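Structure first, commentary second.
All residue numbers refer to positions in the sequence shown, counting from 1. Here the structure is a predicted model, which means the values were calculated and not measured. Counting starts at 1 for both ligands and their atoms, following the listed order.
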Amino acid sequence: MPNRVSMVDHGSSLAVPSRRRLIGAVAVGGLGLLAKPALAETIDFKVPGGAPTRDYTTTMPEKGRMIVQRTRPPWLEVPFEVFDKGVFTPNDQNFVSWHYAGFPTDPDVATHTVKVHGLVNKELSLSIADIMKLPHIEYAAVSQCAGNSRLYMAPRTPGAQWANGSMSNAVYTGVRLKDVLDLAGVKAGAQRVRFGGLDDAPLPDTPKFMKSIDIDHARDGEVMIAFAMNGKQIPMLNGFPLKIVVPGWCAVYWIKMLNDIEVMDQPDTNYYTTNGYREPVTPLHTIKPTDTDFKLTSITKMFPRSFITNLKNGDSVKVGAPSVVRGIAFGGDNGVAGVDLSLDGGKTWLPTQLGKDEGKYSFRQWQTNVTIPTRGAQALMVRCTNTEKLVQPSTPVWNRGGYMQYVTETTHVVAGEPSGPF
Ligand SMILES: Nc1nc2c(c(=O)[nH]1)N[C@H]1C(S)=C(S)[C@@H](COP(=O)(O)O)O[C@H]1N2
Ligand SMILES: [Mo]
């Protein structure tokens with residue numbers, strides 16, 4: 001099925017983003033909320049080499065219950081059970097990641113502008129209202145930090161120690177970046193389009209966080225300037241009021257609090273392109289920790305992944321009676337063709353039933369019934385194949401940045417007596 005990029009007319013139901021919604025959350029404690037979360041409970045991810053026990057918080061502005069790794073700038077992870085409840089991640093539980101703490105907690109929508117400059121016929125300074133006058137498009141897309149699952153890299157690598165919850169799925173509504181570029185008129189010779197947001201680097205010598213994509217990619221009609229997430233304005237921590245969505249590519253490109261679009265006549269030599277977010281050009285972008293002789297390239301598209309969401313490590317399942325096993329999958333930069341489950345350590349694979357297709361960039365649910373014949377420890381493995389026939393590998397990805405893990409996941413459960421009245 002083609003990606004469901006559609007024209008939408010929300011009529012009056014989708015208003016111009018307003019700052020009012022933020023007042024309740026931010027006025028209560030302002031930055032104080034960002035600095036000191038309530039430590040409601042803890043979670044132990046049980047990884048070798050120093051298990052991080054993390055706290056949950058319920059006091060981040062506009063956020064529900066999240067796993068907090070860092071408060072300022074925030075790194076908030078989705079509690080994994082959220083992914084079992086539905087294919088879309090609620091806005092108040094969409095993960096959060098920022099490089100620098102210097103972003104406004106209450107951007108002013110009345111005065112917010114997006115500057116379009118560089119190799120264009122006409123420099124623009126667009127208000128939110130100007131942008132919203134363009135035709136609207138809408139599609140579901142997974143945003144995933146390039147470092148999702150870095151916590152499980154063996155050996156561990158530096159960077160945010162995300163478990164599997166620095167990913168989320170939402171329906172985004174916005175305008176085509178192409179239409180905005182056409183308003184400005186891109187001149188011949190354009191190479192890259194670079195995005196910047198309202199956040200500033202903390203020191204004069206610290207590079208500003210920016211990312212860029214090729215001009216053809218920027219004009220593909222899919223890359224979006226989003227003003228809504230799941231039909232509501234984007235939460236402040238997720239980039240209110242405007243966010244670039246590059247569907248199929250890892251979230252590092254999805255610049256939040258967008259206020260700057262630069263059409264470049266040359267390659268991007270910004271720190272975050274030339275030094276940061278790079279992966280080895282090797283099979284599975286994997287090296288051995290001792291390897292030194294390999295090229296690096298910028299991480300870009302995502303790869304297929306799948307997870308069991310209704311069972312976690314250590315759970316018990318029935319023996320000799322059917323159990324439901326279900327979860328989510330995504331294809332990376334294209335759709336989910338199939339999700340298979342193995343009960344024998346990957347020797348044989350059983351197809352599962354796919355849930356509703358919400359578009360090729362979305363999470364897709366899958367489910368199956370399995371009967372575990374023997375008592376004791378069992379390893380359930382789940383593997384996604386995308387529509388370009390790329391399959392999750394059986395060996396883990398490893399590179400120094402801890403980027404783009406997509407190994408076939410294993411959930412260790414224990415099979416015992418059927419529960420209930422028999
Ligand atoms: N302006 C801005 N945009 C940004 C970032 C940032 O630090 N500043 N971080 C990027 C990275 S690395 C990630 S993983 C995503 C996180 O988006 P989220 O917080 O909405 O989940 O935002 C991306 N966009
Ligand atoms: Mo990220």
key: Under 4.0 Å from ligand 1 - residues by heavy atom, chain and number   =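 Only Asn94, Phe95, Val96, Ser97, Trp98, His99, Cys145, Asp199, Phe209, Leu237, Asn238, Lys243, Ala251, Val252, Trp254, Ile255, Lys256, Tyr277 have heavy atoms that fall under 4.0 Å of ligand 1, ordered by chain and number.
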task = If a pair satisfies ring pair (Phe, Tyr, Trp, His ring centres under 6.0 Å) and one of its residues is in residues 200-222, list it, with sequence neighbours excluded.
result =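 Only His99-Phe209, Phe209-Tyr272, His217-Trp249 qualify under ring pair (Phe, Tyr, Trp, His ring centres under 6.0 Å).
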ask   = What residue among Ile328, Asn169, Asn230 forms side-chain contact (heavy atoms from CB on, under 4.5 Å) with Thr89?
value =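 Per the side-chain contact (heavy atoms from CB on, under 4.5 Å) rule, the option paired with Thr89 is Asn169, out of Ile328, Asn169, Asn230.
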key: Salt-bridge criterion met for Glu81 and Arg65 (N-O under 4.0 Å)   =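 Here Glu81 pairs with Arg65 in a salt bridge, since their nearest N and O are under 4.0 Å apart.
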task = Quickly, which of Glu138, His136, Lys232 forms a side-chain hydrogen bond (donor to acceptor under 3.5 Å, both in side chains) with Thr173? Name it, please.
result =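 For Thr173, the side-chain hydrogen bond (donor to acceptor under 3.5 Å, both in side chains) check succeeds only for Glu138.
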Sequence neighbours excluded - salt bridge (charged side-chain N to carboxylate O under 4.0 Å, His left out) pairs with any residue from residues 254-264 =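 Passing the test, one end in residues 254-264: Arg194-Glu262.
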inquiry  = Going by the rule salt bridge (Lys or Arg N to Asp or Glu O under 4.0 Å), which residues pair with Asp315 if we only count those two or more places apart in sequence or in a different chain?
reply    =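 Listed in chain order: Lys312.
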